[in-house]
Structures are given as structure tokens and as C-alpha cells.
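These numbers come from the heavy atoms of this one structure, side chains and all, not from hydrogens, waters or symmetry mates. Sequential numbering from 1 along the given sequence is applied to the chain's residues.
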Amino acid sequence: MLEELSIEGLGVIEQASAQFHPGFTVLTGETGAGKTMIVTSLHLLSGARADATRVRSGDTKATVEGRFRLADGGSSSGHGGDPVVEEILESSGADVDEDGTVIAVRSVNADGRSRAHLGGRSVPVGVMGRLTNQLLAIHGQNDQLRLLKPEHQRAALDTFAGSSVAGPSDAYRAARDSWIEVLDELDARRTNHRELAQEADRLRFGVDEIAAVDPQPGEDAELAATIRRLSDLETIRAAGAESREIVAGDSGSVVEGLGQVRTILETAADDSLRDLLPRVSEALTVITDVGEELTSFLADLPADADELDKLLTRQAELKALVRKYAPDIDGVIAWRTAAESRLTEIDDPQQSITELENAATAAQAKVQEAAAALHRRRKTAAKSMASKVSAELGGLAMGDTTLAVDVAVEPAADDDRLAIELDGRRAHAGSAGADRVEFALLAHKGATPLPIARSASGGELSRVMLALEVVLAEPTSGSIMVFDEVDAGVGGRAAVEIGRRLAGLARAHQVIVVTHLPQVAAFADNHLVIGKNSGGGRGRRQHTSTVRTLDRDERVAELARMLAGLGDSDTGRAHAEELLATAEGEKQARDDS
């Protein structure tokens, strides 16, 4: 519930605040007094786009502050029970006051910059809008104009249908998203068919070129070391041969000398000398191994430089691959592996296209099935909705006029990529289904239904809008409903009926109405008047507006003014008193029943 609204520097309002109460509240006032600023301020709290031209002339900014009471839905957190409201408050760190209210503030600077605060915390405007939109719904003449559009009529039907349509609608959107994903991939594959073929040729050439050389892991580093050795072959051979001769040659070698030492020690009479035998034997083993390794090394050296030429040729082949594919041979091998994997994907583009075409056909079938299920649910809900809204229209002085809700197939163009089959017709699979919903009015039983966009006058459209809101509000309670001159173009008996319906709606909701009709205002539980004063506030000669709550005598005076400007005349007051008493009597009788 909205408990308090404070406005500063917005339009003609210099500074004003208003207290709101449960039930039905009307706001009235002379033309130009600033009634629209009340609705504008609520739009700002709902996250509407900031408009710097709304800032009062001469002020640096406009500020709107609203205090909302959160319904106690049994939530342990005290955030009102609504899981969406709880999530917004907790994620934003907003503080809820001890009395269960939360304050939302929106400021708009004269340069167009905007700020929002929720529960004492600075938050993005969108976060504040998410919360306030959970609590209040604003309906104005723009909403009536939107109601003329098929997409908004479909949205109203889905809102009425509730969960019976929500599930099929979610299933349809999921199926459609999957279908579009396959179609996009198919389009891309068709468009890139030539590019993929060229890519396959390049990859295949590289794989074949690498395969012809057949490099081995680490071969480039090993080959470079071997080539460095062979570049000075004779010097290396001489050093190896000389070392081998010293270690294990035929005469005077280290091995021969150690053998002699071992023989001498074996025949020595001294125990200390014999204790050296193990160490001498170990040294002899090590030196013998070194000799054998030197012998093997010399045997592996090429006899001439022809072997070096072969290795240099191999190294040139490896370097050619490294220059084209990777920094080293291991990278070249990895490139070939990746290229072979990519080739398995694109080697046959036509086969891939065929597979995607089959996948697209299967996905389309799922969309058709989901669209048909959604279509059936909407047609069922349309009958119930038309019946209930028609019953409301009967109570809004529209005679025998009834509403028809037609759910038809949205036709698909010849080149529509999202065309499906529905009820034996080609239909366009739109984001919300393949249905075209249209509201039509029947002037009397048996009359030809005419779309409300062509048949409804301004007053009739207002009443259709109100009847629709009454029906849509049935399943819920506790929300804040704001109507901005929803009674435009209405008068006489129809105005009285609108007042009755709004009063009835206020039994389950907080209803706030900006109106110029005394017949509507008379049914309110609370009456606020927007007054216009002229003065030199802040050194400027300009109009300012005030907001105040009327007592019963003041209400009579205001209703008299609204009754064709009769003012404080005896006749005007008598008519106003009669109107107010009649409305009060009807409300009392309704409450007692």
C-alpha cells in the first residue's frame, strides 16, 4: 500500500505531500492545478525515463519520495512475503523500517541526470522500478490506446489466463529459441559453404605437407645437437680416440695400470693395502665403462661428411614446417592434430548442411506442437474472459454491449523463415506465439463483432479498460492500482457505474484515481484536492500547487464545483450533498451485505 507521497520541484508543484489510506482515493482539482504531476511522480518511482523538462522552472532538481507498506505475507524476513520483493530488498541492501514500510526516492536534476534510493540505499533506477512495479500498476489514457494494439490484447488475455497459459507459453518460447538457434547455424553454414571448402583445402594441404615430412616429437632439438657435433667431425673423432687410448688402450692405459695395482695389492702381506682392493676394483669398473662408451661413441661417428649432408637436408625440411605452422616441431605436430580434428567437422560441408536441415525440421515440429497447445489454451481462456468482461460492461451502462475475444492464427508471409503450420494454415511463430488476439464489441446479441479499434468511442474504451482491469484483478489482492482519468469521455449514468466499480475494486486493492467526474469522486473513501495558488515563491511569480485531504463538508464543496462549476451556491451544494449521500448509502449497503 502507498501510505505517503512527497513531491518537490516537479512541474507546477513547489513542495507538496499527501497521505494515502486503504480503499478508494480520488484526486481532483482545477485544470492546470497539477493532478498529472501526481501520476508523473508515481511513474518516476516506477522507473520511468527521467525528463528534465519536468523539473520546476528555476529549481536544480525534482524529488519524489514514496513510502510503501509491505504486505505481511508470513515472511520470516519481514519483507512482505512476496519472493520477488524479498529478493530485490535483500540484493540491494535496502532497509525496511520497523513499521513494515520502505521508502523509495527518485530525483531528477535539471541537466537530466537521475538518481534512485531504496530503503536508504543508492540503487540503479531499474532496481527501484522492479520493486515498485511489483506493488503498483498505473493505468492512464495511454494504456487505453495501447489496448487497441493486438499484442497488448494478447498480453491481457495471457494475464487473465494465468498459469494455464504460462506453462505452455514457456515451453513454446524454449522450443522457438532452439529452432532459431538451429536456423541461424544453418544460415551461417550455407553462407559460409565456399569459405568452409577453401578452409578445408588449406587444412588438407598442411596436413599432407606435414605428413610427408613425418616429424617426430623433439626431433628438431635432437637434430641440431647432432649437427653441431658433426660440423667438427675430425676434431671430435681425434679427441674421442685419444681419450679411449689413454683409458683403455693396448699399452700403458689407465685400465692396464689399475689391473696391475689390483694384482699387487692381492699379493701384499699388509692388511691395510689389501683393504684398498674394493676401491681399486670399483675404479677399474668405472674406467672400463668409460672406455666402452668412448668406443661406442667412435663407432657411431660417420665415416665421412656425407652423413652430415643428410642431416642438414632433414633439418631444412623441419625448419620449413616450423616457419609455416608453429614455433617448434612439437607445435607443428599439435597443429596437424588440430587441423585433422577441424577437417572432420568441415570436410563435407554439404553433409553438415543436410544434418542441420534435418535438425531444423525436427525443431520446427516441436514449435508447431507447442504453438498448437498454447493456441488451444488461449481459445479456452478467451471464452471465459469475454464472458466476465461482458458482465462488467453490463454494469457500466453499456446496455447489451458485449466483448468478444477472438484468437486467430497470425498469418505468415511467403518469405517468413519462422513459418509453421497451425490449424491447417501457415502461421508466423512470433516471440509470444502464433496467435493474433483481437477484442471486438457487439452492440447487441446477434450483431457483427467490430474491433474496438474501429468501434469503441473514448468513453466506451475507458469502460472496456476498467472492466478488463476489474476482471484481471480478481485473482489477486493488496496491490496498488492507479487510474489517470480512466473515465475520460464518460458522463451521466456511465460515470456513476464507473464510480461503483472502482469502489468495488477498492475492497481488495488500494485504488487511486485522478478524475474530473463528481459521480466518480462521490464513491471515494478518501478525497484529495490539488489546489492552485499564485504567488512569488522563492522570489518568482508563478503558480504553485498544494495537496490536501478534504473532510466531508469540504468534499461537498468540491463536488459542487465539479458539478458544472456550481460552487458554493445552495443549488450546487444540494446536488453535491445528494450525490455524496447516495454514494455513501450504496457503499454502506454493500459493506453490510
Side-chain angles (χ1 to χ4, degrees), residues 1-8 12-39 41-42 65-67 69 99 101 480-485 487 495-496 498-507 509-535 543-592:
M1 185 182 90
L2 175 64
E3 288 196 346
E4 185 177 355
L5 184 66
S6 299
I7 306 170
E8 184 175 352
V12 297
I13 299 178
E14 182 176 10
Q15 187 171 16
S17 62
Q19 302 289 329
F20 291 88
H21 303 279
F24 179 15
T25 299
V26 292
L27 294 94
T28 63
E30 295 180 7
T31 301
K35 297 189 297 297
T36 58
M37 290 300 101
I38 301 295
V39 178
S41 65
L42 292 176
E65 178 180 306
R67 179 182 291 274
R69 177 167 297 280
D99 62 354
T101 62
I480 308 164
M481 305 186 73
V482 182
F483 294 93
D484 181 17
E485 297 195 1
D487 49 17
V496 173
I498 287 179
R500 289 193 180 109
R501 283 299 181 278
L502 289 170
L505 192 60
R507 300 179 74 178
H509 305 267
Q510 183 186 28
V511 177
I512 302 171
V513 178
V514 177
T515 184
H516 66 282
L517 294 179
Q519 297 94 330
V520 172
F523 281 90
D525 301 309
N526 311 287
H527 193 149
L528 301 180
V529 66
I530 315 296
K532 179 171 65 174
N533 297 322
S534 294
H543 292 299
T544 61
S545 293
T546 59
V547 182
R548 62 189 181 91
T549 302
L550 303 182
D551 59 25
R552 194 181 188 284
D553 287 341
E554 290 172 327
R555 288 190 67 186
V556 172
E558 174 66 7
L559 291 177
R561 181 197 64 78
M562 298 172 71
L563 284 164
L566 293 177
D568 282 336
S569 67
D570 292 339
T571 301
R573 291 188 67 87
H575 286 175
E577 180 66 47
E578 180 183 4
L579 179 61
L580 184 57
T582 300
E584 289 173 339
E586 288 193 15
K587 290 196 297 179
Q588 185 61 49
R590 183 193 63 201
D591 293 339
D592 292 341

Engineer: Do any N or O atoms from the side chain of Glu578 and from the backbone of His575 form a donor-acceptor pair under 3.5 angstrom?
Structural biologist: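 Flag not set: sc Glu578 to bb His575 has no pair under 3.5 Å.
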Engineer: Checking side chain to side chain donor-acceptor pair (under 3.5 Å) against Asp525, which of His21, Gln510, Lys587 comes through?
Structural biologist: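 One option only clears the test, and that one is Lys587.
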Engineer: Measuring only between side-chain heavy atoms, which start at C-beta, is Val513 closer than 4.5 Å to Val511?
Structural biologist: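 A side-chain contact exists here, since the closest heavy-atom pair is under 4.5 Å.
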Engineer: Can you name the one residue among Leu2, Asp99, Leu5 that meets side-chain contact (heavy atoms from CB on, under 4.5 Å) with Arg67?
Structural biologist: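 In the set Leu2, Asp99, Leu5, the residue that makes a side-chain contact (heavy atoms from CB on, under 4.5 Å) with Arg67 is Asp99.
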Engineer: Please examine the side chains of Ile7 and Ile38, heavy atoms only from C-beta on, and report whether any two atoms are closer than 4.5 Å.
Structural biologist: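 A side-chain contact under 4.5 Å exists here.
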Engineer: Quick one: OG1 on Thr515 to CD1 on Ile498, what's the gap to the nearest 0.5 Å?
Structural biologist: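 One finds 8.5 Å between OG1 of Thr515 and CD1 of Ile498.
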Engineer: If I compare all heavy atoms of Ala506 with all of Gly23, which pair ends up nearest, and what's the gap?
Structural biologist: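 Closest approach of Ala506 to Gly23: CB-C, 3.6 Å.
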Engineer: Nearest 0.5 Å, please: how far is CG in Leu517 from CG in Leu563?
Structural biologist: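 Taking CG in Leu563 and CG in Leu517, the distance rounds to 10.0 Å.
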Engineer: Work out which heavy atom in Glu3 is nearest to a heavy atom in Thr101; give both atom names and the distance.
Structural biologist: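 In this case the closest contact between Glu3 and Thr101 is OE1-CG2, 3.8 Å.
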Engineer: Between Glu577 and Arg552, is there a side-chain N and carboxylate O pair less than 4.0 Å apart?
Structural biologist: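 Salt bridge flag = yes for Arg552 with Glu577.
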Engineer: Please list, chain by chain and in numerical order, all residues satisfying salt bridge (Lys or Arg N to Asp or Glu O under 4.0 Å) with Glu558, sequence neighbours excluded.
Structural biologist: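 With neighbours one apart ignored, the set is Arg561.
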Engineer: Can you confirm whether Met1 sits close enough to Phe20 that some side-chain heavy atom of one is under 4.5 Å from a side-chain heavy atom of the other?
Structural biologist: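 No - every pair of side-chain heavy atoms lies 4.5 Å or more apart.
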Engineer: Quick check for you: to the nearest 0.5 Å, what is the distance between Glu65 atom CD and Glu8 atom CD?
Structural biologist: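 Result: 10.0 Å between the selected atoms.
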Engineer: Could you pull out all residues at least two apart from Phe483 that satisfy ring-ring contact (aromatic ring centres under 6.0 Å, His included)?
Structural biologist: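 Per chain and number, Phe483 pairs via ring-ring contact (aromatic ring centres under 6.0 Å, His included) with His139.
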Engineer: Could you work out, with side-chain hydrogen bond (donor to acceptor under 3.5 Å, both in side chains) as the rule, every residue matching Ser6, not counting sequence neighbours?
Structural biologist: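 Here no residue qualifies.
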Engineer: Using every non-hydrogen atom in the two residues, find where Val520 and Ala495 come nearest and quote the distance to one decimal.
Structural biologist: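 What the structure gives for the nearest pair is CG2-O, 3.6 Å.
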Engineer: Only one of Ile512, Val39, Val529 passes side-chain contact (heavy atoms from CB on, under 4.5 Å) with Leu27; say which it is.
Structural biologist: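 Going through Ile512, Val39, Val529 one by one, the side-chain contact (heavy atoms from CB on, under 4.5 Å) with Leu27 is satisfied by Ile512 alone.
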Engineer: On a heavy-atom basis, which atom in Ile13 and which in Met37 lie closest, and how many Å separate them?
Structural biologist: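 The answer is CD1-CB, 3.7 Å.
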Engineer: Once rounded to the nearest 0.5 Å, what's the spacing between atom CG of Leu580 and atom CZ of Arg555?
Structural biologist: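 Reported to 0.5 Å precision, the distance equals 5.0 Å.
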Engineer: Check Leu559 against Pro518 and note the closest heavy-atom contact, atom names and distance.
Structural biologist: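 Looks like CD2-O, 3.7 Å.
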Engineer: Are Val496 and Phe523 close enough that some pair of their side-chain heavy atoms sits under 4.5 Å apart?
Structural biologist: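 Yes, side chains in contact.
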Engineer: With rounding to the nearest 0.5 angstrom, report the CG to CD distance, Leu579 to Glu584.
Structural biologist: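 Separation between the atoms: 10.0 Å.
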Engineer: Please round to the nearest 0.5 Å and tell me the distance separating atom NE2 of His527 and atom CZ of Arg548.
Structural biologist: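 His527 NE2 to Arg548 CZ: 9.5 Å, rounded to 0.5 Å.
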